[in-house]
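See below for the structure under consideration.
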Amino acid sequence: MIRRNGRRGPDTSYDWDTHHRDRVEKPRAYAEAGIPVYLLIDRENLSVLLHSAPDPEDGYRDIHVVRLGGEVVLPEPVGIVLPTGELKQYLD
């Protein structure tokens, strides 16, 4: 965790390859490993992308997009509703 504007927040970075790594490599690898959900904060579009229903060959079958400020329903085995409004304060 790092401090931004006097608040503690997630440690984030943006390198030249971040887009490809976060949107292509990680989802593919996580789905192949059977990780049930992958959550990505989309800074450019002010949204949250929830990847679920992993398939080892096809990647995640479901991608659900929620605008920041809304609630994301993470399916089982996580099984929680995540309010995203507070995440806005950590965007660059």
Side-chain angles (χ1 to χ4, degrees):
M1 299 281 262
I2 60 172
R3 273 200 182 276
R4 290 180 189 236
N5 301 327
R7 299 182 205 114
R8 288 185 61 79
D11 186 6
T12 63
S13 67
Y14 194 84
D15 299 322
W16 65 271
D17 65 340
T18 296
H19 182 84
H20 186 264
R21 186 175 57 243
D22 289 346
R23 295 174 184 274
V24 178
E25 294 175 7
K26 285 181 182 180
R28 183 182 310 135
Y30 293 170
E32 286 175 3
I35 295 173
V37 296
Y38 171 56
L39 198 62
L40 175 68
I41 308 301
D42 184 336
R43 297 176 189 188
E44 294 175 15
N45 294 306
L46 299 177
S47 60
V48 177
L49 285 76
L50 170 67
H51 297 69
S52 61
D55 181 278
E57 294 186 21
D58 295 328
Y60 286 102
R61 289 189 218 131
D62 297 326
I63 301 174
H64 185 72
V65 180
V66 174
R67 299 275 307 154
L68 276 176
E71 293 184 336
V72 178
V73 179
L74 286 89
E76 295 297 334
V78 180
I80 64 168
V81 176
L82 177 67
T84 65
E86 290 189 29
L87 297 175
K88 290 180 183 180
Q89 66 185 331
Y90 301 112
L91 300 179
D92 293 333

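Just so you know, these numbers come straight off a predicted model, no measurement behind them.
The shortest heavy-atom contact between R21 and P27 is O-CD, 4.2 Å. The minimum heavy-atom distance between S52 and P75, with the atom names listed, is CB-CG, 3.9 Å. Across G69 and T84, no two heavy atoms sit closer than the pair N-OG1, 2.7 Å. The nearest pair of heavy atoms linking P77 to P36 is CD-CB, 3.5 Å.
Ring-plane geometry between Y38 and Y30 is classed as perpendicular, the angle between the planes exceeding 60 degrees on a 0 to 90 degree scale with a lower cut at 30.
Hydrophobic clustering keeps V37 apart from L40 (ILVMFWY residues linked when any side-chain heavy atoms are closer than 4.5 Å, directly or through intermediates). Residues L87 and V81 fall into different hydrophobic clusters, defined by Ile, Leu, Val, Met, Phe, Trp and Tyr side chains chained together at heavy-atom separations under 4.5 Å. Both I35 and I63 sit in one connected hydrophobic cluster of ILVMFWY residues. Membership requires side-chain heavy atoms under 4.5 Å apart, directly or through other members. Both V78 and V48 are assigned to one and the same hydrophobic cluster, defined by single-linkage of ILVMFWY side chains at heavy-atom distances under 4.5 Å. A single hydrophobic cluster is seen to contain both V72 and I80, as judged by linkage of ILVMFWY side chains at heavy-atom distances under 4.5 Å, directly or through other members.
Residues R23 and D42 meet the side-chain proximity criterion, which asks for heavy atoms closer than 4.5 Å. Looking at V66 and L50, their side chains never come closer than 4.5 Å, going by heavy atoms from C-beta outward. Inter-residue side-chain proximity for L46 and L91 is flagged as met; some heavy-atom pair is nearer than 4.5 Å.
For K88, the side-chain contact (heavy atoms from CB on, under 4.5 Å) criterion is met by L68, not counting sequence neighbours. Looking at residues two or more places apart in sequence or on another chain, you find no side chain to side chain donor-acceptor pair (under 3.5 Å) involving D62. The salt bridge (charged side-chain N to carboxylate O under 4.0 Å, His left out) search around R28 returns none, not counting sequence neighbours.
Distance check: H51 NE2 to K26 NZ gives 11.5 Å after rounding to the nearest 0.5 Å.
By the neighbour-count criterion of 12 heavy atoms within 6.0 Å, atom CD of E86 is sparsely surrounded, having that number or fewer from other residues, nucleotides or ligands.
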